J.: 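One structure follows; several queries about it will come next.
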There are 2 protein chains.
Amino acid sequence: MKLRRDVFQAIADPTRRTIISLVALQAMTPTAIAENFDYSRQTISKHIQILTECEILEQEQKGREIYYQLNPNGMKEIAEFIEPFRKLWDDRFNKLESVMKKYQSKK
Amino acid sequence: MKLRRDVFQAIADPTRRTIISLVALQAMTPTAIAENFDYSRQTISKHIQILTECEILEQEQKGREIYYQLNPNGMKEIAEFIEPFRKLWDDRFNKLESVMKKYQSKK
DNA sequence: AATTTGTGCAGTCAAATAGTTGCGCTTATA
DNA sequence: TATAAGCGCAACTATTTGACTGCACAAATT
């Protein structure tokens, strides 16, 4: 496996998205993560490796166990790509913006 | 090519991301889009096909030309995935939220 | 009517991806 | 100290991807 360091590529795989959602709730070891899937531990381990190289996950060694936790910063790049388009559909965003204007005009 | 109908897969390719950004500015024909790349027209055409099947792009036939335009709704799914994590890093989001609270307490 | 232009579709091919198993290292535990 | 558990790395394989070329077809243009 070539392990591209590209956040968009990392997010493209549904298994990896599930891993992200799992780890977002609490730090987990690879074995614990793998128990949530029908794939082998090594396969999940490779997905974890990809996510780690993209800096979406972070390691914390505890004895022989390695706990992986989410680094939300890793997904900024994706959010920055989406952001300009969000304005085109998200009514809530527009409401927030109008609220901002009202608020600023009051000061 | 298998042409998976998966928005995350669609976004994973840098060429396709560039196409999205181009078309966001104005509707364009495949040939016009392809002129921005060093790839063949057919290659770009396939990328356009993938984006269209994911409903990120929309067609509008005009004579023998087909204009492709952005359907921002197509990227909602990605935004919805990112959204929960955004709160973990986006200071601006927190500021907006606090502004909201101030504004609401004033009314 | 003949030619050019804009598209999409089919087939081919190399490279990347996602899965597997096996192995070895390190750290707990019996 | 021997054994089991947790983990990463290496080697292998099937499938998918992303690029190419060639072709067919419809709509303008000459």
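Order of the sequence lines sets the chain letters (A, B, ...), proteins ahead of strands, with each chain counted from 1. Every value quoted in this text rests on a predicted model; they were computed, and no experiment measured them.
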J.: CZ of A:Phe8 versus P of C:dT17: gap in Å, rounded?
T.: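 Roughly 16 Å, once rounded to whole Å.
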
J.: Spell out protein contact along nucleotides 1-9 of chain C as letters: B when the base is contacted, S when just the sugar-phosphate is, - when no protein heavy atom is under 4.0 Å; keep the 5' to 3' order.
T.: ----BSBBB

J.: Using only side-chain N and O atoms of B:Thr43, determine if any of them is under 4.0 Å from OP1 or OP2 of D:dG18.
T.: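 For B:Thr43, the contact criterion (side-chain N or O under 4.0 Å from OP1 or OP2 of D:dG18) is not met.
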
J.: The side chain of B:Tyr39 lies closest to which of these nucleotides: C:dT21, D:dA19, C:dA18?
T.: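 The answer is D:dA19, which lies nearest to the side chain.
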
J.: Sort and list the pairs that fulfil ring pair (Phe, Tyr, Trp, His ring centres under 6.0 Å) and have at least one residue in residues 61-88 of chain B, not counting sequence neighbours.
T.: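 Passing the test, one end in residues 61-88 of chain B: B:Phe8-B:Phe81, B:Phe81-B:Phe85.
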
J.: Over how many whole Å does the gap from A:Glu60 atom CD to D:dG6 atom C1' extend?
T.: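 Answer to the nearest Å: 16 Å.
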
J.: Less than 3.5 Å apart, which donor and acceptor atoms pair up between the side chains of residues 27-41 of chain B and the rest of the protein, not counting sequence neighbours?
T.:
residue	atom	partner	partner atom	Å
B:Thr29	OG1	B:Ala32	N	3.2
B:Asn36	ND2	B:Ala32	O	3.1
B:Asn36	ND2	B:Ile33	O	3.3
B:Ser40	OG	B:Thr43	N	3.1
B:Ser40	OG	B:Thr43	OG1	3.0

J.: For residues 69-77 of chain A, please give each side-chain donor-acceptor pair under 3.5 Å, one per line with the distance, not counting sequence neighbours.
T.:
residue	atom	partner	partner atom	Å
A:Asn71	OD1	A:Asn73	N	3.3
A:Asn71	ND2	A:Glu55	O	3.0

J.: Can you list the steps and then say if B:Ile56 with B:Ile50 is a side chain to side chain contact (heavy atoms under 4.5 Å, CB included)?
T.: CA-CA 9 Å; B:Ile56 293 176; B:Ile50 291 169; over 6 Å; no

J.: Heavy atoms only: give me the nearest B:Glu80-B:Pro84 pair and the separation to one decimal.
T.: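 Looking at all heavy atoms of both residues, the shortest contact is O-CD, 3.3 Å.
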
J.: Between P on D:dT15 and CD on B:Gln9, what's the gap in Å once rounded to a whole number?
T.: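 My rounded result for the distance is 17 Å.
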
J.: Measure the distance from CD on B:Gln61 to C1' on D:dA26 and round it to the nearest whole Å.
T.: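 Computing the B:Gln61:CD to D:dA26:C1' distance gives 9 Å.
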
J.: Hey, is the side chain of A:His47 poking within less than 4.0 Å of OP1 or OP2 on C:dG19, counting only N and O atoms?
T.: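 Affirmative; the distance criterion is met.
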
J.: Let me know the distance between CG of A:Leu51 and P of C:dA18, rounded to the nearest Å.
T.: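 Whole-Å distance recorded here is 11 Å.
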
J.: For B:Ile50 and D:dT17, give me the distance from atom CD1 to atom C1', rounded to whole Å.
T.: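 It is 8 Å, rounded to the nearest whole Å.
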
J.: Looking at every non-hydrogen atom in both residues, tell me the closest pair between A:Ala12 and A:Arg17 and how far apart they are.
T.: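 Between these two residues, the closest heavy atoms are O-NH1, 3.2 Å.
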
J.: 5'-most contact on DNA chain C: A:Thr15 or A:Gly63, nearest heavy atom basis?
T.: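 The residue mapped nearer the 5' terminus is A:Thr15.
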
J.: Could you tell me the separation between the NZ atom of A:Lys62 and the C1' atom of D:dA5, rounded to a whole number of Å?
T.: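 Value for this atom pair: 18 Å.
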
J.: Taking the side chain as every heavy atom from C-beta outward, state whether B:Ile11 and B:Arg16 have any atom pair closer than 4.5 Å.
T.: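 No, their side chains stay 4.5 Å or more apart.
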
